[in-house]
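Because only heavy atoms are used, hydrogens play no part in the values below, and waters and symmetry mates are left out as well, while side chains stay in. Naming convention: chains lettered A, B, ... in sequence-line order (proteins, then strands); numbering from 1 in each chain.
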Protein chains: 2
Amino acid sequence: MQTEELRCCGDFHERANLDKWIEILQSTGLKLTAPRHVILEFLHKQSHPITNREIYNGISNDCDLASVYRSINLFIKIGFVQQFDFGDGIARFELIEPGLDSHHHHIVCTDCSKVIEIDHCFPNSLTETIEKHTGFSRITHKLEFFGLCSECK
Amino acid sequence: MQTEELRCCGDFHERANLDKWIEILQSTGLKLTAPRHVILEFLHKQSHPITNREIYNGISNDCDLASVYRSINLFIKIGFVQQFDFGDGIARFELIEPGLDSHHHHIVCTDCSKVIEIDHCFPNSLTETIEKHTGFSRITHKLEFFGLCSECK
DNA sequence: ATTTAATTGCAAATGGATTGCAAATGGTGT
DNA sequence: ACACCATTTGCAATCCATTTGCAATTAAAT
């Protein structure tokens, strides 16, 4: 029927294209459960890192909060999700495309908590200097910026 | 007596020179209490950031753990102490010289947790670029490095 | 010494995150 | 469709870092 078709088409456009993640999930023997699907879908809609509780609220308590924690930890382990720390003691998470280089940073408004993604990064040349200087190898870094956004200043 | 004088002399060299901090503390109307003195002294002996619990153990339970937390929070508020976050959910603290620019970073061994101080910093020129790019002002950053130290690699 | 507000110790509370366990479930083969 | 079974969930309890309420203590000024 027409309405059915239209609704279906609308759904198609609204629905996140999660095939990439779902395929990998199932190919590793893990189950595509309702909570995991809903959480993946919700993560895919976000434009900045969110907390476990925000996910829980965002999916209108579709599953237990503990299952959000467990799903997120799983997603981190299999490389679906990246964790960020904005210094307030609450972990934040972002869905990443499997295989792609997802390394980036954020700037957080100290007043209204607005978050913008930052593509600038700590220079490789300096990392090499630190490598030589300290004797450390396989160096990574965590870097987040803080400041007043244009509206709060 | 000679032994007395020697011990005294030894004590003098061992004892931390906390006058700078103590003066400021008292000039602001705050009390120099036994816990605060002991904690200051212990912090002064450290060469990298330590947790509240490490302070508590390090001063052999000379005061309550809650008082360590309260003293550290006070020290942060009056600029005696700087907080660092190594990503394990436990806050770490370092005594800083009042008034001096104490901005620096660390590299942490992901294997043995060894910590080395890093003086290299995120370039100012890039920070200015981010300022223009995002419209944010008064930008600061948190930056920590992780890797394998020479002994663990 | 006396006074007084700041500070402490203690125990309880808070809050993010983890976990044990019985019940539910999804993927596989029949 | 059905049955199997390891995985996963919901629920409640627990953990652990940190904070807090309050009565007792204490530093420092009078």
Phosphate OP1/OP2 of C:dA17 contacted by A:N73 side-chain N/O (<4.0 Å): no
Whole-Å gap separating P (C:dG16) and CD (A:Q83): 15 Å
Along DNA chain C (nearest heavy atom to each residue), the more 5'-positioned of B:V68 and A:F93: B:V68
Distance, rounded to the nearest Å, where A:I55 contributes CD1 and C:dA17 contributes P: 10 Å
Donor-acceptor contact present, side-chain B:S71 to main-chain B:S67, <3.5 Å: yes
Under 3.5 Å donor-acceptor, A:H105 side chain and A:L143 backbone: yes
Closest listed nucleotide, where the reference is the side chain of A:S71 and the choices are C:dG16, C:dC10, D:dT9: D:dT9
B:D62 CG to C:dG9 C1', straight-line distance once rounded to whole Å: 14 Å
Any A:R36 side-chain N or O less than 4.0 Å from OP1/OP2 of C:dG26: no
Derivation of the ring pair (Phe, Tyr, Trp, His ring centres under 6.0 Å) call for A:H106 and A:F84: CA-CA 9 Å; A:H106 303 88; A:F84 293 96; 4.5 Å; yes
Between C:dG16 (P) and B:I90 (CD1): distance, integer Å: 17 Å
A:D64 CG - C:dT18 P separation (whole Å): 14 Å
Close side-chain approach of B:V115 to B:R92, heavy-atom, < 4.5 Å: no
Proximity to the side chain of A:A66 - top-ranked nucleotide from C:dG9, D:dA12, D:dT9: D:dA12
Test item: B:H133 side-chain N/O and B:E131 main-chain N/O as donor-acceptor pair under 3.5 Å: no
Spacing of B:L74 atom CG relative to D:dT18 atom P, expressed in whole Å: 17 Å
base_contact_polar (D:dG21 base, B:R70 side chain, donor-acceptor, <3.5 Å): yes
Whole angstrom value for the distance that separates P of D:dT18 from CD of B:E54: 11 Å
Spacing of B:N57 atom CG relative to D:dA17 atom P, expressed in whole Å: 11 Å
Upstream residue (5' side of DNA chain D) when B:G89 and B:A34 are each assigned their closest nucleotide: B:G89
Distance-only donor-acceptor test, B:K31 side-chain atoms vs C:dT7 base atoms, 3.5 Å: no
Position toward the 5' end of DNA chain D (nearest nucleotide), B:R53 or B:Q26: B:R53
Phosphate-side-chain proximity, A:Y69 and C:dT18, N/O vs OP1/OP2 below 4.0 Å: no
Short side-chain to backbone donor-acceptor contact, B:T134 and B:F136, under 3.5 Å: yes
Nearest-nucleotide pick for B:T33, side chain only, options being C:dA17, D:dT9, D:dA27: D:dA27
Sugar-phosphate, base or nothing in reach of A:L65, heavy atoms under 4.0 Å: nothing
Closest to side chain of B:S67, choosing from C:dG27, C:dT8, C:dA5: C:dT8
